[in-house]
Structures are given as C-alpha cells and as structure tokens.
Amino acid sequence: MGIRSALPVNTFHVAVDHVDRDTLTASSTYLGTVDQAHVDEVKAIAALETTERWVKDHPRQPGAFMVLRDDGDLDVYVPTDAPEAPVRTPDPLSLTRNEGGDLAPDNAQAVKKQAKGGTLAASAMSLVGETVPETAIPFAATTASSRPAAYIDGAVRFGDQSIGGAMDTPNNPPRMTWHTTESPAGKSYFYSVAAYLIRVGAEPQVIYDPDSDLLGQFGPLTQSGRALRNDGSRRTNREGKVNIQVEVLGKASKPWTNGFDPAKKPNFRKLIAAGRAHGVPDAWPAGKLAATASSPTKRDRTTWQTKGGHYGHCQVPGNDHWDPGAIDTTIVPGKAPSGGGTGGGTAPSKPSTGTGTTTPARYKVTINGLAYGYGAVGDHVTKVGKALVAKGFGKHYKAGPGPTWSDADTRNYSDFQRSLGHTGTAADGIPGEASLRKLLGTLPGKAKPAAPVYEPFPGAEFFSPGRRSPIITAMGRRLVAEGCSAYTQGPGPSWTNADKASYAKWQKKLGYTGAAADGIPGRKSWDALKVPKQL
C-alpha cells in the first residue's frame with residue numbers, strides 16, 4: 001500500500017525551496033505532512049495586509065500552492081492525493097517543453113512531450129539538481145564578441161540555463177515581451193519568485209526587480225523562454241529572431257514605472273541595451289497597453305508576426321492576460337542615446353552598408369548543420385561565394401571566393417540581403433535560412449545525427465516517493481550493470497530506497513562525496529549513467 005495511500009485526503013506534503021544567495025545553488029528540504037487546518041491558517045496569515053507572504057497557486061497541479069516569502073525562500077504545499085504532475089524534460093530540437101504562463105494559474109499550456117509520474121512533493125526537490133560540486137551556478141559574465149551577447153553583464157543566473165530552444169522564425173523581426181509577476185516587488189522577493197518560476201516551469205529569459213534593480217536570467221537571450229501560451233500550433237515563445245521575455249516584479253494594477261527613474265537603475269539600462277543590441281526597435285507595434293483587466297485588447301497576429309519591437313503580455317495572440325498594465329512607454333524602452341550608443345555598454349557593430357566604411361558583422365550561425373559567418377570554413381562557404389558572384393554580388397572580393405568566410409563574404413551577402421528588401425540587422429551579411437535558400441535554391445547540410453539513444457535527464461523532482469516509470473527500471477538495470485546495486489529484488493518501476501541507495505553508490509563511483517552523493521540523480525551523473533531510451 002505505501003505511506004501515501006494511508007494518509008487522509010486533506011493532508012499536504014510540505015517542503016522549502018532555498019536559494020543560497022552567495023553560491024546560487026538551490027536545495028529543497030522536505031518537512032513532512034500537515035493537515036487542512038494548518039493550510040487554512042497559512043493562507044489566512046498570507047492574506048493579512050501586514051504579512052510579507054504571498055500565496056501563488058501551482059498552474060498545473062490542482063490543489064498545490066506556494067508561499068513566496070520575503071526572506072527569499074519558497075514554501076511548497078502539495079496535496080498527498082494530488083494527481084500526477086508533468087515532469088520537465090530537456091528541449092530536443094523543435095519539440096516544445098512545458099511552455100506555460102506567468103504566475104497566474106489559468107495560463108497553462110499542455111506539455112507535448114513529458115515523462116509520466118507523480119507529484120513534486122518529496123525530499124530533494126532541488127531547483128538545479130545535485131548539490132555542489134555538480135551544480136554551482138555562478139554570476140553571469142558577458143563574453144566579449146561582436147555578436148550581441150546572450151547574457152547581460154552582472155545578471156544572476158538561475159537554474160540550469162536550459163529553459164527553451166531555438167527560435168521557430170529566426171528571420172522574423174526581434175522583440176521583447178513584458179510581463180508582471182503579480183507579486184510584491186523588492187529584493188527579498190527576487191529569489192522566491194525566481195524559485196517559483198523554475199518550479200512551475202514558466203521561466204522567461206529575464207527577471208527584473210524595479211525596486212532593487214536586481215537582474216537575473218534563466219537562460220540565454222538567444223533561446224526561447226517559457227512564459228507565453230501557444231497561439232494554436234504557433235509557438236509564441238519562439239516568435240522572431242529573439243523574443244526576450246521579461247518578468248518584472250510587480251502588479252499590472254500598479255504600473256511599476258510610476259516613480260521609476262532609469263538614470264538610477266544601471267541594470268535596467270543594461271537590459272534595454274541588450275534588447276537594442278539584438279536589434280529590437282524602440283517601438284510598441286501593437287499600440288497602447290491595457291490599463292485594466294477589462295480594457296479592450298487587440299492581439300493582432302499579423303502585427304505580432306511581422307513587426308519587431310516591444311510587446312506586453314496583453315498584446316500576444318493566444319494569450320489572455322492583461323499584464324504588464326499601463327507602464328510608461330517613454331521609459332520602456334525610452335529613447336536611445338544620441339550617437340547610436342546602447343546606454344548600457346559598448347554599442348553593437350553596425351551592419352555593413354556595402355561601402356566598406358563600417359565594421360561588418362563577425363559572428364557565426366548554424367544552418368542545417370553547417371556554419372556561416374566570419375571564420376566559417378568549408379566547401380559550402382565557397383559555394384555561397386560563387387552563387388553571390390553569379391548573381392552580381394561579388395564586388396567586395398579581391399580574391400576568391402574561397403572556403404573561409406571573410407569580411408568580403410559578409411559585405412557581399414549584405415548586398416544580396418538588401419536586394420531582397422531586408423534592412424538593419426536583417427541585412428548584416430550573416431545568412432538566414434530564407435535568404436540562403438533563395439541564393440542557392442536549396443539548403444546544403446550535414447546528415448542529421450541519429451536520434452539520441454539515451455534517456456534525457458528528467459529532473460531531480462522526478463525521483464520522488466510514489467513515482468512509477470519504466471525509466472526507473474532502466475536506470476536500475478544500468479546501476480546493476482555498473483556494479484552499484486543495493487537491490488535485494490528488482491529493480492522495478494517504482495522509486496524506492498533501494499534505488500536511492502544504488503544511485504548513491506553510482507555517485508560515489510563517480511567521485512562525489514557528502515551531500516553530492518545523496519542518491520538523488522543530477523544531470524551530470526545521469527548523463528554519465530547512459531540509461532537506454534524508453535519508448
């Protein structure tokens with residue numbers, strides 16, 4: 001029968017998620033069970049105006065809720081009889097992960113590919129997997145490059161930085177999408193809200209606190225976030241060259257720009273500068289933002305898909321939230337500094353104009369498995385150069401075309417892009433899939449690699465009491481094969497103490513000690529185990 005089946009219906013598992021502010025490692029402590037009376041008291045206290053606690057329901061697990069605490073921790077309550085919750089898995093190629101919504105519980109998107117399993121209420125419900133030394137998360141550092149940086153200098157990096165995937169429409173204009181967390185603002189909530197977003201699988205790329213000017217990232221700006229609902233089959237999270245989503249601590253009903261002075265907020269200026277560096281125009285293409293929940297909103301698909309700039313969550317097709325409220329669009333994004341600077345660091349390289357007077361773009365892209373852009377090497381580069389010459393776009397070559405991509409290739413390709421009607425960063429001389437296909441008539445490419453043969457890491461939350469899955473059986477068999485068995489019978493599909501003890505042996509075999517050998521799988525040790533893919 002097991003412990004869970006013996007518990008009354010009105011009981012809850014309780015845990016605390018804690019993020020260490022020095023190392024940014026996360027841990028979760030399971031505290032046991034409480035009854036309904038205790039839960040009612042918790043919610044009543046949080047509802048008081050004098051309290052510093054804020055209750056948020058879990059958007060995909062009925063009855064589960066979390067308490068945002070002003071000390072940065074997150075209290076987690078999950079009914080002992082809760083239905084099985086989806087488990088997050090990595091995002092392979094074009095498949096979607098658990099793309100949900102922001103903090104409101106009604107904004108949930110079904111998981112297209114997920115592991116089967118039970119609740120998230122168990123010990124070791126870590127935000128980032130195993131403990132140090134496997135998953136210490138440092139502060140971000142921006143790599144010097146002429147390509148716009150994927151990370152903002154000084155931003156706090158939360159989680160494993162694997163939240164989304166490649167953009168579906170990289171040839172569409174870039175944009176930034178603004179949300180509000182519908183929670184209190186302030187430095188103390190910065191960490192608890194981040195923990196919540198990770199736990200419910202609704203991370204944007206960026207979280208920002210307008211009070212303290214704290215800035216954090218859950219993943220690179222060049223990958224998709226997970227804070228928007230899909231618009232039918234169209235994945236709004238993956239719209240455009242970039243779709244930099246920003247969750248701002250605050251409420252739509254009280255616009256966070258009221259009394260906000262960008263001159264005193266260097267991290268905010270860095271955030272806006274990062275958007276400009278990625279080509280996001282200083283414009284709001286969809287017009288006025290919703291001022292109230294009942295305000296009429298226009299979620300025009302044509303505008304969203306074809307025009308770059310800034311959008312509110314209230315303006316995205318397929319979504320029904322009205323955040324971020326009537327924020328001041330003279331502040332977001334404000335006005336770019338005169339002289340073309342970004343207002344927050346070094347100005348990005350300007351696209352080539354074909355005259356040779358500006359610095360050409362010097363970064364690479366990968367299309368169909370082949371690299372294009374400055375320094376890329378191969379016969380496919382020569383093929384592009386010859387095609388450019390054949391179409392009359394070879395004036396910048398002094399020699400060649402050749403197999404190594406040079407500034408001359410970039411300038412010639414920029415001329416070709418402008419002949420197609422592209423402007424700005426869309427004509428920077430670095431190929432996109434659409435323009436490359438028009439140039440060559442087809443897309444050269446490497447043979448696609450075989451599908452992965454190993455089971456991807458299902459997340460530390462997967463390994464909890466009550467979990468039943470063929471993945472656990474396959475894991476146990478691999479542990480036995482590695483000489484790390486603590487089984488007296490089995491292994492079988494249910495997660496047991498024998499599985500935990502066996503996995504601890506595997507962790508120790510890999511060299512982990514102490515808390516890092518606690519028997520709960522982390523990504524690195526799981527990948528090393530090479531568990532066969534379960535179909």
Side-chain angles (χ1 to χ4, degrees), residues 54 68 101-104 152 154-156 174-190 193-194 197 204-217 221 225 227-228 242-278 280-299 304 307-316 319 321-338 341-345:
W54 196 262
L68 307 177
D102 54 25
L103 302 190
I152 302 169
V156 177
R175 74 274 321 283
M176 295 181 77
T177 305
W178 296 83
H179 307 252
T180 46
T181 59
E182 298 306 303
S183 72
K187 180 178 181 179
S188 56
Y189 288 101
F190 180 70
V193 171
L197 289 168
Q205 290 93 341
V206 176
I207 182 172
Y208 177 68
D209 175 41
D211 285 4
S212 65
D213 197 41
L214 277 171
L215 185 69
Q217 285 188 236
L221 304 181
L228 292 172
V242 294
N243 182 5
I244 302 171
Q245 298 186 53
V246 185
E247 283 278 6
V248 180
L249 271 66
K251 303 176 184 178
S253 60
K254 298 178 180 178
W256 60 269
T257 52
N258 293 349
F260 183 83
D261 183 1
K264 298 178 181 179
K265 308 291 183 179
N267 276 338
F268 173 76
R269 299 198 302 274
K270 289 180 183 179
L271 172 60
I272 296 298
R276 289 176 179 144
H278 282 274
V280 179
D282 292 343
W284 289 83
K288 201 172 181 180
L289 292 160
T292 67
S294 59
S295 297
T297 55
K298 184 178 181 181
R299 306 175 193 269
W304 168 253
K307 295 184 182 297
H310 294 258
Y311 290 84
H313 191 177
C314 62
Q315 297 170 327
V316 180
N319 288 251
H321 288 194
W322 69 281
D323 58 312
I327 60 175
D328 188 342
T329 54
T330 66
I331 292 176
V332 184
K335 185 178 180 181
S338 60
T342 64

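Note that the structure is predicted; figures quoted are calculated from it, not measured.
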Q: For the atom pair CG (Asp323) and CD (Glu247), what is the distance rounded to the nearest 0.5 Å?
A: 7.0 Å
Q: Check whether any side-chain heavy atom of Leu249 lies under 4.5 Å from a side-chain heavy atom of Leu214, and answer yes or no.
A: no
Q: Is Gln315 reaching over with its side chain to a backbone N or O of Thr177, donor-acceptor style, under 3.5 angstrom?
A: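 No; judged by distance alone, with no hydrogens or angles, the pair does not exist.
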Q: I'd like to know if the side chain of Trp322 and the backbone of Ser253 have a donor-acceptor N/O pair within less than 3.5 Å.
A: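 Checking the backbone N and O of Ser253 against the side chain of Trp322, no donor-acceptor pair under 3.5 Å is found.
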Q: Can any side-chain N or O of Gln245 pair as donor or acceptor with the backbone N or O of His179 at less than 3.5 Å?
A: no
Q: Got a second to check how far Met176's CE is from Leu271's CG, nearest 0.5 Å?
A: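 Going from the CE atom of Met176 to the CG atom of Leu271 covers 4.0 Å.
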Q: To the nearest 0.5 Å, tell me how far Gln205 CD sits from Ile152 CD1.
A: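 Between Gln205 CD and Ile152 CD1, I get 10.0 Å after rounding to 0.5 Å.
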Q: Do you know which two heavy atoms are closest between Pro333 and Arg276, and how far apart they sit?
A: O-NH2, 3.2 Å
Q: Just by distance, do the side chain of Arg269 and the backbone of Pro262 share a donor-acceptor pair under 3.5 Å?
A: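 Side chain of Arg269 to backbone of Pro262: a pair is present.
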Q: Quick one, His313 and Thr180 - any side-chain contact, counting heavy atoms below 4.5 Å?
A: no
Q: Mind checking whether Val248 and Pro210 have side chains closer than 4.5 Å, heavy atoms only?
A: yes
Q: Testing the basics here: between Ala194 and Ile207, what is the closest heavy-atom pair and its distance to 0.1 Å?
A: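 So the two residues come closest at N-CD1, 4.1 Å.
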Q: Suppose we screen for ring pair (Phe, Tyr, Trp, His ring centres under 6.0 Å). Which residues come up paired with Tyr189, at least two apart in sequence or across chains?
A: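 With sequence neighbours excluded, Tyr189 shows a ring pair (Phe, Tyr, Trp, His ring centres under 6.0 Å) to no residue whatsoever.
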Q: Is the side chain of Asp261 donor-acceptor paired with the backbone N or O of Ala263 at a distance under 3.5 Å, no angle test?
A: yes
Q: Considering non-hydrogen atoms only, spot the tightest contact between Gln217 and Val206 and give its length.
A: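 The pair with the smallest heavy-atom distance is CG-CG2, 4.2 Å.
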Q: Would you say the side chain of Asp328 lies within less than 4.5 Å of the side chain of Phe260, judging by non-hydrogen atoms?
A: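 When only atoms from C-beta onward are counted, Asp328 and Phe260 do not touch, as no gap falls below 4.5 Å.
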Q: Taking the side chain as every heavy atom from C-beta outward, state whether Val332 and Trp284 have any atom pair closer than 4.5 Å.
A: yes
Q: Which heavy atom of Leu68 sits nearest a heavy atom of Ser183, and at what distance?
A: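 For Leu68 versus Ser183, the nearest heavy atoms are CD1-CB, 3.7 Å.
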Q: Are the side chains of Val242 and Leu221 in touch, meaning some heavy atoms are under 4.5 Å apart?
A: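 SC-SC contact between Val242 and Leu221 ruled out.
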Q: What distance do Asn319 atom CG and Tyr311 atom OH have between them, rounded to the nearest 0.5 Å?
A: 13.5 Å
Q: Which heavy-atom pair separates Pro285 from Gly308 by the least distance, and what is that distance?
A: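 Closest pair (atom of Pro285, atom of Gly308, distance): CG-O, 3.1 Å.
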Q: Within the supplied structure, the quantity of interest is the number of heavy atoms (other residues, nucleotides, ligands) at a distance under 6.0 Å from Lys251 NZ; does it exceed 12?
A: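 It does: Lys251 NZ has more than 12 such atoms within range.
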Q: Kindly compute the distance separating CG (Asn243) from CH2 (Trp304), expressed to the nearest 0.5 Å.
A: 4.5 Å
Q: Does some side-chain heavy atom of Val246 sit less than 4.5 Å from a side-chain heavy atom of Pro324?
A: no
Q: Could you tell me which residues satisfy side-chain hydrogen bond (donor to acceptor under 3.5 Å, both in side chains) with His278, sequence neighbours excluded, listed by chain and number?
A: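 Counting only residues at least two positions away or on another chain, His278 forms no side-chain hydrogen bond (donor to acceptor under 3.5 Å, both in side chains).
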Q: Using every non-hydrogen atom in the two residues, find where Pro281 and Pro174 come nearest and quote the distance to one decimal.
A: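 Between these two residues, the closest heavy atoms are CD-O, 4.0 Å.
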Q: Can you name the residues that form a side-chain hydrogen bond (donor to acceptor under 3.5 Å, both in side chains) with Tyr208, not counting sequence neighbours?
A: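 By the side-chain hydrogen bond (donor to acceptor under 3.5 Å, both in side chains) rule, Tyr208 matches Asp213.
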Q: Report the C-alpha separation of Asp209 and Lys187 in whole Å, then their side-chain angles, then the decisive distance to 0.1 Å, and conclude whether the salt bridge (charged side-chain N to carboxylate O under 4.0 Å, His left out) test is met.
A: CA-CA 7 Å; Asp209 175 41; Lys187 180 178 181 179; over 6 Å; no
Q: How far does CH2 of Trp178 sit from CG of Leu289, to the nearest 0.5 angstrom?
A: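 So the CH2 of Trp178 and the CG of Leu289 are separated by 11.0 Å.
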